[in-house]
Amino acid sequence: MRGDPEVHELIAASSLPEVLAQLGSAPGMWMPIAGGTELMVAHAAGRLNTPKLISVWGLPELGFIRVSDDCISIGGGVTFGQIRRHAAIAADFPLLSRAASWIGSIANQNRATLAGNIVNGSPAADAPPALLVYDAEIELISQRGSRRLPYSHFHLGYKQSVLEPDELVLALHLPRRFAKHAQYLRKVGTRKAMAITKVALAGTAVVDDGIVAEIRLAAASVADRPVRMTAAETALLGKKLSFETRRAVRKALLNEVRPIDDIRSTAEYRRHVAANLLDEFLNELTREGSSV
Ligand SMILES: Cc1cc2nc3c(=O)[nH]c(=O)nc-3n(C[C@H](O)[C@H](O)[C@H](O)COP(=O)(O)OP(=O)(O)OC[C@H]3O[C@@H](n4cnc5c(N)ncnc54)[C@H](O)[C@@H]3O)c2cc1C
């Protein structure tokens, strides 16, 4: 049933301290709303249970992209439209740029924010696999101060995270050290646009003289949250890309993924597509061989 706008209160904050004070005054009572592309859908479906909303849309303190020598920091309020148009992000983090270009439609990308994508916590969201294979750090802020942790530690389970009710996502920090890595991202969906991911796999790797010297793998829609594929990584690290290694890695991945059956796909299909995407990435690494 459609939500009733009468039961909701919405305030628009003019500064970050104002938002933090409001969130801190009654933790759990107020919910931040940024682009609203998740929350307005929830409202329309009668699933928006928090009556009090505080808008963080357009706050300059969340809307920055900062490029330094060793890092690009992206404010939580930055939209996917801004991300896909940013030259330094496209150059250093092409997987994030590409993921941004897949999110909904252009209109959607102009409202959808990075923090909203992460905090919503969908296992199928497009940004998380890229953030995971780039070793992103997430910075959270409240009136109590700020804290920074590996993004891989943020999600705890289905729509569960370490975010406290009085905290906001201030920024994502991406270390600029992937220029020489082989990089891979593929999303399998029903269509090329406006499609929720059935399975996605991202990877960054360094192969040195035929040996896998560095490997990061992350996937969407194969577990209750966006995940790093650590068992598959372990099966690859320090190994030659031989037939035996590839067989062991495929097996590790198939044991590691925990997808579900839903209206978009079956768990079985997701498992096998995830393994096939991994094969595709390993084919690329094998082709590029020691030049990577
Ligand atoms: C038509 C359509 C198509 C879509 N297609 C895709 C797609 O292809 N891929 C995909 O991944 N997603 C897709 N989405 C989902 C959505 O657009 C994204 O998840 C978007 O990034 C959410 O950002 P938002 O700013 O709109 O979040 P909001 O709806 O404003 O908020 C979502 C959640 O994030 C919280 N939040 C927002 N900002 C902060 C912050 N700074 N700190 C703490 N919490 C915060 C809110 O409290 C809420 O819990 C689609 C949505 C629609 C409606």
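In this chain, residues are counted from 1 in sequence order. One-based numbering, in listed order, for ligands and for the atoms of each. What you see below is based on every heavy atom in this structure, not just the backbone, and it leaves out hydrogens, waters and symmetry mates.
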### Sub-3.5 Å N/O-N/O distance, Pro32 and ligand 1
yes
## Note on the structure
Closest to atom 32 (C) of ligand 1 by heavy-atom distance, out of Glu38, His43, Met31, is Glu38
## Note on the structure
Check: of Ile196, Thr113, Leu39, min heavy-atom distance to atom 23 (O) of ligand 1 comes from Thr113
### Task
Just need the protein heavy atom nearest to atom 22 (C) of ligand 1, so name the residue and atom and give the distance.
Thr37 OG1, 3.3 Å
### Message
Does any N or O of ligand 1 fall below 3.5 Å from an N or O anywhere on Gly76, backbone included?
### Response
no
#### Entry: Exceeds 12 heavy-atom contacts within 6.0 angstrom, atom CZ of Arg186
no
### Query
Val78 pairs by side-chain contact (heavy atoms from CB on, under 4.5 Å) with which of Leu172, Ile89, Ile83?
Ile83
### Query
Is it the case that Arg84 places NZ or CZ above or below the six-membered ring of Trp102, under 6.0 angstrom from the centre and within 45 degrees of the axis?
no
### Message
Looking at Arg271 and Glu268, is there a salt bridge between them, counting it only when a charged N and a carboxylate O are closer than 4.0 Å?
### Response
yes
### Query
With only distance considered, is Ala125 within less than 3.5 Å of ligand 1 through an N or O on each side?
no
#### Entry: Charged N-O contact under 4.0 Å between Asp262 and Arg270
yes
### Message
With a 4.5 Å cut-off on side-chain heavy atoms, are Leu16 and Leu168 touching?
### Response
yes
### Message
Among all protein heavy atoms in this structure, tell me which lies nearest to atom 27 (O) of ligand 1, with the distance rounded to 0.1 Å.
### Response
Gly116 CA, 3.5 Å
### Task
Name the closest protein heavy atom to atom 12 (N) of ligand 1, giving the residue it belongs to and the distance to 0.1 Å.
Asn117 ND2, 3.6 Å
#### Entry: Protein residue, atom and distance nearest to atom 50 (C) of ligand 1, heavy-atom basis
Asn108 OD1, 3.8 Å
### Message
Quick test: of every protein heavy atom, which one is nearest to atom 28 (P) of ligand 1, and how far off is it to 0.1 Å?
### Response
Gly36 N, 3.5 Å
### Task
Could you tell me the residue and atom name of the protein heavy atom closest to atom 44 (N) of ligand 1, and the distance to it rounded to 0.1 Å?
Val119 CG2, 3.5 Å
### Message
Evaluate Ala34 for polar contact with ligand 1, using N/O atom pairs at a separation under 3.5 Å.
### Response
yes
### Task
Could you tell me which atoms of ligand 1, counted from 1 in the order shown, lie closer than 4.0 angstrom to a heavy atom of Trp102?
8 (O)
### Message
Check this for me, if you would: do Asp69 and Arg176 make a salt bridge, where the nitrogen-to-carboxylate-oxygen distance has to be below 4.0 angstrom?
### Response
no
### Task
Give the residue, atom name and distance (to 0.1 Å) of the protein heavy atom nearest atom 43 (C) of ligand 1.
Val169 N, 3.5 Å
#### Entry: Polar atom proximity, Leu168 to ligand 1 (N or O, under 3.5 Å)
no
### Query
Do the non-hydrogen side-chain atoms of Phe281 and Ile215 ever get within less than 4.5 Å of each other?
yes
### Summary
Ranking Gly104, Ala107, Ala115, Gly121 by closest non-hydrogen atom to atom 5 (N) of ligand 1, top hit is Gly104
### Message
Rounded to the nearest 0.5 Å, what separates atom CD in Glu18 from atom CG in Leu23?
### Response
11.0 Å
### Task
For ligand 1, find out whether one of its N or O atoms is nearer than 3.5 Å to an N or O atom of Phe80.
no
### Protein heavy atom at shortest distance from atom 13 (C) of ligand 1
Ile103 CG2, 4.1 Å
### Message
If I apply the N/O under 3.5 Å rule, does Glu167 come out as touching ligand 1?
### Response
no
### Query
Quick one: does His173's side chain get under 4.5 Å of Ile74's, heavy atoms only?
no
### Query
Just wondering, do Leu163 and Phe154 contact through their side chains at under 4.5 Å, heavy atoms?
yes
#### Entry: Presence of salt bridge, Asp135 and Arg228, under 4.0 angstrom
yes
### Task
Using a strict cut-off of less than 4.0 Å between a Lys/Arg side-chain nitrogen and an Asp/Glu carboxylate oxygen, indicate whether Arg147 and Glu167 qualify as a salt bridge.
yes
### Message
Taking a cutoff of less than 4.0 Å between a non-hydrogen atom of the residue and any ligand atom, is Lys187 in contact with ligand 1?
### Response
yes
### Summary
One finds that the ligand 1 atoms under 4.0 Å from a non-hydrogen atom of Ile33 are 30 (O)
